[in-house]
Amino acid sequence: MAEITVVAELTAAVWKIEAAPGTRVAEGDTLVILESMKMEIPVMAPADGMVLAVLVAEGDQIEEGQAVATLVA
Amino acid sequence: MIGPVLIANRGEIACRIAATCRRLGIPTVAVHSDADATALHVAAADAAERIGPPRPLDSYLSIPAILDAARRSGARAVHPGYGFLSENADFAEACAAAGLVFIGPPAAAIRAMGGKAAAKEVARRAGVPALPGYDGADQSPERLAAEAARIGFPVMIKAVAGGGGRGMRRAASAEEFPAALAAAQREAAAFGNTAVLLEKLVASARHIEVQVFADAAGGVVHLGERDCSPQRRNQKLVEESPAPGMDGALRAELGRRATALARQVGYVGAGTVEFVADASQPLAAERIWFIEMNTRLQVEHPVTEMVTGLDLVEWQLRIAAGEALPLAQDQVALAGHAVEARLCAEDPARNFLPSPGRIAALRLAEPGPGLRVDAGVRAGDTLTPFYDPMIAKVIAHAPTRAEALERLATALESCAAEGVRLNAAFLARVLRSADMQAGGVDTRFLEDFRARDAAARSAA
């Protein structure tokens, strides 16, 4: 059991939370959808696991490298 | 003539509109959100008004904020640019109600062309062939199968209430149709409406559009076409005029269709009539269908300006001031070939991931004969996540297509930025690719090329 922190690839706004804490996810599943420069950018699970926490809320402005969610894999 | 003109936009298009106004002696008023207080477009205008916080909904999309800015500044006319409120009929009406000249078509024309179904109905009345389809109330599987056969396979089945690719299925044959229909209807049910529509699927398509202009007295002309097939995420990245493979007779036919549509809706001002063409065969009138009309100036209007030698913003201002069209159809002459590329802060190697940030240094191509650069930012500016990633449009014009492509590729190779990723070198490779050099690429070409390009570069 490893805890993984998933970070944002770029400065963006949080558009939609797709996976609530407790959700089982597969590698590549969308956790959160960001919006930046008129584009939607999915933040995807880097591995199979379970969502431990979502660290952002819809509408938040976040920075590149900011933690978005944690998983246990 | 008209003015002062409030420019209800930002970035390169606001700068470009201000440049023509300045040449014509028309005072301009810029508007800006808090994120844009020191932006290039503010410096390009004679005066500036703050309209709100960075979020577009609170500023560039806020009708009350923009009308307030117009009242405070004493503006008499509003140019909406493209995007934001440019195709918002309520905004056009609100301007008129506030005593401002809206530099664009009448609200009724914006509404008539606003929805795809409504626009298709306009096309039917104007006798212009639209992409064959069925959007009738009879949703029985038998009727839908019969309509699909009439349209001809392959067909696309789309949930009327769908979006984002959900509720969409392709059926390549009558045998595949029942299963594809059931799947589309299942997904459509999630939107609370199982109704579907059918559309002819053009598997390999080119995007070809015709620039039209109309005046208040009913005069309508077209200024030739643009081929905007190289796209990523359904957004254009490279545009050119003339379209490869277009001859005078076909141009005249598409011009006839485009001007017929404009007349049908009582159009006034600048507009673009978009068509889809079958890319699997040479261009031919019977394989080109109307899809929609954009009731505004387009991003890619400079390629038309380069081949016609005209200033389309000047035409918009003159027509909004009540003047007649400056030229009749037989006075419009096209010369040479023009190509435009959209220079964006994005990373093609990471599937065009946007690259917001502060532009520490910026070198753009040097404008000169046959080379135009329409920039919206300068070194030191910060590209925020709130707005689109376009930094500049670079446009080349030359006697032949091959020379124009080469001139543009060379110009793009001279562009560089520090602090943000730029797609300049990628665009130069696109222009030098064998497919682009041959001409007539389809709308999937650019994303296919990106994948091949990324693979080749990681292998190298």
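Just the heavy atoms: all of them, side chains too, but no hydrogens, waters or symmetry mates, feed the values below. All of these numbers come straight from a predicted model, not from anything done at the bench. By convention in this document, chain letters (A, B, ...) are assigned in the order of the sequence lines, proteins followed by strands, and residues within each chain are numbered from 1.
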*Answer yes or no: are there more than 12 heavy-atom neighbours, outside Arg24(A) itself, under 6.0 Å from its atom CZ?*
no
*Identify the heavy atoms of Ser36(A) and Pro354(B) that sit nearest to each other, and give their distance.*
O-CG, 3.7 Å
*Count the heavy atoms belonging to other residues, nucleotides or ligands that lie under 6.0 Å from CZ of Arg450(B), then report whether that count exceeds 12.*
yes
*Which bit of Arg55(B) is near chain A, if near means a heavy-atom gap under 4.5 Å: side chain, backbone, both or neither?*
neither
*Report yes if some heavy atom in the side chain of Leu10(A) is under 4.5 Å from a heavy atom in the side chain of Ser355(B); otherwise report no.*
no
*Under 4.5 Å between any side-chain heavy atoms of Gln235(B) and Met39(A), yes or no?*
yes
*asked:* Among Glu35(A), Lys38(A), Gln61(A), exactly one meets side-chain contact (heavy atoms from CB on, under 4.5 Å) together with Phe386(B). Which residue is that?
replied: Gln61(A)
*Checking heavy atoms, do the side chain of Glu64(A), its backbone, both or neither come under 4.5 Å from chain B?*
neither
*Is any side-chain heavy atom of Glu346(B) less than 4.5 Å from a side-chain heavy atom of Met37(A)?*
no
